[in-house]
Protein chains: 2
Amino acid sequence: MDASEGETGRKRKTSWKKDPAAVRQDILTIATREFAAHGLSGANINEIARQTSTSKRMIYYYFGDKEGLYCSVLEGVYATLRAREDDLDVAGLEPVAALRRLIEATFEAHVTAPHFIRLVMIENIHNAEYLRKSESVPKLNRSIIDKLEDVCARGKAAGLFREGTDALELHWLTSSFSFYNVSNRATFSTSFGTALYSKTRQSQLLERLVDMVLATVVIGYEPKTWNDPV
Amino acid sequence: MDASEGETGRKRKTSWKKDPAAVRQDILTIATREFAAHGLSGANINEIARQTSTSKRMIYYYFGDKEGLYCSVLEGVYATLRAREDDLDVAGLEPVAALRRLIEATFEAHVTAPHFIRLVMIENIHNAEYLRKSESVPKLNRSIIDKLEDVCARGKAAGLFREGTDALELHWLTSSFSFYNVSNRATFSTSFGTALYSKTRQSQLLERLVDMVLATVVIGYEPKTWNDPV
DNA sequence: CCATTTATGTACCTTGCGGTTAATTTGTCA
DNA sequence: TGACAAATTAACCGCAAGGTACATAAATGG
């Protein structure tokens, strides 16, 4: 059947380079796309293998089984997001500007990380059982909270922010509309139309969200949007 | 076990009542739970059949195939939610109280409809392709928007609400945190702990959300929460 | 330059599960 | 009352898809 040297019909790749890192990465890239698209049970190992430049065998060699691959994918997207958060520096901004910047960055980060969003949705369907197993992920997300806490502390110290302002709650709030804005786009559009998702409307929306948070956090802040008829 | 007449080993339920409606409902109830728990590809028809008091054959008899069953489930949970929204009457309340009531009701509705939340998440993973096929669902959700529009109109007419206040945007906003609060509980807890999900903290959270929306919509509204240290 | 480990390719096995076939009972109405 | 449709049961089927066995080429290093 598969002759090794004499080229009798069935070829056997008789010469190849060892490149574990590249092979691993290749698999991860494809798998991320497929899991994000179809979920854990929906994704197909054969299909993933087909799209890689390697074979199904290697998936099992490096990741053990489907769940192992899924976990690695999950850690990958979380790590990517974390890296982005780390890049963000608001230490030099005064509290109000810093808070505004953090909210805007979170909103943008979600819009531009659809794979992350989908994998988090999928993970929530699984009650985060794979995320909980991860060593790296749970502690990965401190960074954004630290930044928010710093800003809150500075804001309160300067007498600008209300005393009850809570970093975790702010993060929850910011995440909620940033996440929902992407995650539920399909069903929301189906029920209520696509009006809110146009480019101009999206930046308006962000403006208003920032405005809303500031109105609650910053003492004496006067909302700037929602004043004029749409 | 329950032999019919001649107890020749293999039982065959030889006596049964025709009850199409009940059988259909039985299947739907179990299927809703299973699809909500495991998703479209994750749910197992054999397992669903096992839990019903009927057989797998009947699933195919009434719903055609797995997707057909899934679509019916989807329509079911949307219809249930709609029915609840219809029960809500805020026409008698003055605008600010009415808006507060609508936000609270939406928040509560999401907390107490976990199947709905999960199925919407799942549907978004599928880019709402099944929801779009539905005849009933897309137009089902007008009710809540109508109510919000009425409240907004009254609020503006009374000079209480800012002119830019938009019903659709308000609904998007209210939905976003109400939905996220339930949908992402698993991953959020894993990353940041369960602090926000205690009973007392949840009602605080709702208070603050209402406060925040009112602060942006109602002219001259003074935020009542976030004033005292946590 | 041989032995051993690491990395890779091909072919295959097993079974879980979506879907079907065929028969049988229940209800209806001419 | 008997033919016909509707509802239901039990048994079966095919194959897709997760996972493995086995052989072998590339690196490593003593």
Side-chain angles (χ1 to χ4, degrees), chain A residues 1-28 30-31 34-35 37-73 130, chain B residues 1-28 30-31 34-35 37-73 130:
Chain A
M1 189 47 88
D2 66 300
S4 36
E5 329 223 37
E7 43 231 275
T8 42
R10 198 43 158 267
K11 67 150 177 237
R12 169 141 189 174
K13 235 195 228 162
T14 186
S15 168
W16 40 273
K17 265 310 242 324
K18 276 196 179 186
D19 194 350
V23 167
R24 234 188 106 94
Q25 188 50 56
D26 180 25
I27 294 170
L28 273 179
I30 308 291
E34 288 295 300
F35 279 125
H38 309 293
L40 174 50
S41 49
N44 183 325
I45 292 282
N46 290 307
E47 177 59 19
I48 292 172
R50 198 188 57 74
Q51 292 183 49
T52 64
S53 45
T54 178
S55 65
K56 179 161 72 162
R57 177 70 184 76
M58 298 314 292
I59 295 176
Y60 287 94
Y61 185 71
Y62 284 118
F63 302 98
D65 59 9
K66 197 185 192 184
E67 291 189 3
L69 179 58
Y70 172 79
C71 287
S72 296
V73 162
Y130 303 100
Chain B
M1 197 51 70
D2 67 302
S4 41
E5 327 221 36
E7 41 233 271
T8 44
R10 203 38 159 264
K11 64 150 181 240
R12 169 140 191 171
K13 236 195 228 164
T14 186
S15 168
W16 40 272
K17 268 310 241 326
K18 278 197 178 186
D19 194 351
V23 167
R24 233 187 107 95
Q25 188 50 56
D26 180 26
I27 294 169
L28 273 180
I30 308 290
E34 288 296 299
F35 279 125
H38 310 293
L40 174 49
S41 50
N44 183 323
I45 293 282
N46 290 309
E47 177 59 19
I48 293 172
R50 197 187 58 73
Q51 293 183 49
T52 63
S53 45
T54 179
S55 65
K56 178 161 73 160
R57 180 67 184 80
M58 297 313 292
I59 295 175
Y60 288 93
Y61 185 70
Y62 284 118
F63 301 97
D65 58 9
K66 197 185 190 183
E67 291 189 3
L69 179 57
Y70 172 80
C71 287
S72 296
V73 162
Y130 303 100

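By convention in this document, chain letters (A, B, ...) are assigned in the order of the sequence lines, proteins followed by strands, and residues within each chain are numbered from 1.
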Integer-rounded Å distance: C/dT8 P and A/Arg24 CZ:
12 Å
When rounded to whole Å, the CG to P distance for the pair B/Asp19 and D/dT8 reads 7 Å
Quick one: label B/Phe63 by what it contacts on the DNA or RNA (base, sugar-phosphate, nothing), any heavy atom closer than 4.0 Å.
nothing
Can you measure B/Ile27 atom CD1 to D/dT9 atom C1' for me and round it to whole angstrom units?
13 Å
Starting from P on D/dA25, measure out to CE on A/Met58 and report it in whole angstrom.
16 Å
Report yes or no: does A/Lys56 contribute a side-chain atom to a donor-acceptor pair with the main-chain N or O of A/Ile45 at less than 3.5 Å?
no
So, OP1 or OP2 of D/dT9: does either fall under 4.0 Å of a side-chain N or O from B/Ser55?
yes
Rounded off to whole Å, could you give me the CG-to-P distance for the B/Leu69 and C/dG19 pair?
10 Å
N/O donor-acceptor pairs under 3.5 Å from side chains in residues 20-28 of chain A, not counting sequence neighbours:
{"from": "A/Gln25", "atom 1": "NE2", "to": "A/Thr29", "atom 2": "OG1", "distance (Å)": "3.1"}
{"from": "A/Asp26", "atom 1": "OD2", "to": "A/Ser53", "atom 2": "N", "distance (Å)": "2.9"}
{"from": "A/Asp26", "atom 1": "OD2", "to": "A/Ser53", "atom 2": "OG", "distance (Å)": "2.8"}

Please report the distance, rounded to the nearest Å, between CZ in B/Arg57 and C1' in D/dC13.
15 Å
Rounded to whole Å, please give me the gap between OH in A/Tyr61 and C1' in D/dT24.
13 Å
In whole Å, what is the span from the NE2 atom of A/His38 to the P atom of D/dA16?
17 Å
B/S/- contact track for nucleotides 12-18 of chain C, protein heavy atom under 4.0 Å
-----BB
